[in-house]
Amino acid sequence: MQNALAGKRVLITQSTEFMGPVLCEVFAEQGAIVVASPETLSAPAAAESVVRAAGAIDILVANLAYTAPTTVATEVSDDEWRRVFSALVDPLPRLVRSAVPAMVARRSGKVLVIGSASALRGMKKASSYSAARGAQLAYVQAVGVELAPHNIQVNAIAQNFVDNPTYFPAEVQANPRFQERLAREIPLGRLV
């Protein structure tokens with residue numbers, strides 16, 4: 001049986017951060033042609049530039065990373081709020097505007113947003129980050145309904161406690177307090 005991803009061209013954003021490295025590896029193992037873009041997408045023109053440089057793509061993986069601030073809610077500044085949304089939310093409509101028209105024209109495509117379970121559960125000192133990840137999920141739901149008639153699937157993965165270099169670097173994983181947290185909160189007792 002031939003792999004469904006064989007020959008599909010996949011753009012993975014922020015390919016060196018968050019879930020980027022493993023996504024690049026897995027898509028390539030599945031036969032996809034991976035276009036790995038390490039650029040951050042906060043600048044208004046960045047998404048269009050990255051999509052244009054990637055050429056024709058079948059799948060857009062919006063892997064957007066930002067180290068979560070640890071500010072208590074009453075002290076979140078306007079600047080912090082704006083920075084987090086600029087990194088995690090603002091790139092999404094720009095990516096869609098840049099990549100999706102070609103998918104609509106050929107009536108085929110997929111958009112996958114790599115999000116976080118922080119959007120789905122309360123976490124202390126993570127209000128700006130959780131709000132931005134929640135906005136991603138709301139955006140995916142709205143855009144998914146809109147693009148479904150064009151045979152374009154839009155989905156999100158709200159992952160949590162997955163081994164990645166952005167949120168769980170080696171020094172974090174080695175911390176005994178972090179290991180205690182894993183044992184307490186994760187049934188497997190480890191990152192996946």
Side-chain angles (χ1 to χ4, degrees), residues 9-28 32-71 76-103 109-119 123 125-140 142-144 154-173 191:
R9 195 167 170 86
V10 180
L11 170 60
I12 300 174
T13 67
Q14 285 188 260
S15 59
T16 58
E17 297 181 64
F18 192 27
M19 298 307 295
V22 73
L23 288 166
C24 290
E25 181 181 319
V26 170
F27 273 99
I33 301 162
V34 175
V35 179
S37 173
E39 289 87 5
T40 59
L41 300 175
S42 294
E48 182 181 0
S49 175
V50 164
V51 170
R52 188 177 31 226
I57 57 171
D58 300 292
I59 302 168
L60 167 64
V61 179
N63 175 62
L64 301 170
Y66 189 82
T67 302
T70 57
T71 311
V76 172
S77 67
D78 288 348
D79 185 53
E80 175 183 312
W81 187 268
R82 210 45 255 144
R83 279 193 323 268
V84 175
F85 272 71
S86 176
L88 298 176
V89 180
D90 295 350
L92 289 177
R94 296 170 184 153
L95 286 166
V96 166
R97 279 194 307 265
S98 300
V100 169
M103 294 177 182
K110 297 186 186 322
V111 176
L112 176 61
V113 176
I114 307 301
S116 169
S118 66
M123 294 174 56
K125 297 179 80 176
S127 61
S128 59
Y129 182 80
S130 295
R133 290 298 189 182
Q136 287 181 332
L137 296 182
Y139 184 79
V140 164
V143 173
V154 183
N155 294 293
I157 296 175
Q159 63 85 35
N160 193 20
F161 290 106
V162 176
D163 191 356
N164 69 77
T166 301
Y167 299 115
F168 304 114
E171 61 272 14
V172 168
Q173 292 187 40
L191 294 176

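Of the charged side-chain nitrogens involved, none lies within less than 4.0 Å of a carboxylate oxygen, so that D78 and R83 do not count as a salt-bridged pair.
Considering only heavy atoms from C-beta on, Q136 comes within 4.5 Å of L88 through its side chain. Contact check for M103 versus I59: no side-chain heavy atoms found under the 4.5 Å cut-off. At least one side-chain heavy atom of I12 sits under 4.5 Å from a side-chain heavy atom of F27. Here the side chains of L23 and N63 are in contact, with some heavy-atom distance below 4.5 Å. Under the 4.5 Å side-chain criterion, counting only non-hydrogen atoms from C-beta, P21 is not in contact with F18. A heavy-atom distance below 4.5 Å is not found between the side chains of V10 and I33. Side chains of P69 and V84 form a contact here, defined as non-hydrogen atoms less than 4.5 Å apart. Y129 places a side-chain heavy atom less than 4.5 Å from the side chain of S116.
Nearest heavy-atom pair, A47 versus R94, reported as atom, atom and distance to 0.1 Å: CB-CB, 3.6 Å. Considering all non-hydrogen atoms of both residues, S128 and F85 come closest at O-CE1, 4.0 Å. The two residues A87 and Y66 make their nearest non-hydrogen contact at CB-CD1, 3.4 Å. The minimum heavy-atom distance between R133 and S118, with the atom names listed, is CG-OG, 3.7 Å. Between A46 and T40, the shortest heavy-atom distance links the atoms CB-O, 3.9 Å. Smallest separation of non-hydrogen atoms from A99 and I57: CB-CD1, 4.0 Å.
Residue P91 forms a side-chain contact (heavy atoms from CB on, under 4.5 Å) with just one option from L64, T13, V96, and that option is L64. Each of V50, L11, V51 was compared with S98 under the side-chain contact (heavy atoms from CB on, under 4.5 Å) criterion, and only V51 meets it. Here the rule is side-chain contact (heavy atoms from CB on, under 4.5 Å) with V143, and of V113, V154, L92, V111 only V154 fits it.
Atoms OG and CD, from S42 and Q14 in turn, are 7.5 Å apart once rounded to the nearest 0.5 Å. Note that CD1 of I114 is 4.0 Å distant from CD1 of I157, once rounded to the nearest 0.5 Å.
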Worksheet entry | Audit row: D90, R82, side chain to side chain contact (heavy atoms under 4.5 Å, CB included) steps and yes/no | CA-CA 10 Å; D90 295 350; R82 210 45 255 144; 2.5 Å; yes
Worksheet item: Do R9 and V34 pass the side chain to side chain contact (heavy atoms under 4.5 Å, CB included) test, and can you show the C-alpha distance, the side-chain angles, and the key distance before you say yes or no?
Response: CA-CA 6 Å; R9 195 167 170 86; V34 175; over 6 Å; no
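Between T71 and E80, the side chains place a donor N or O and an acceptor N or O closer than 3.5 Å (distance only, hydrogens not considered).
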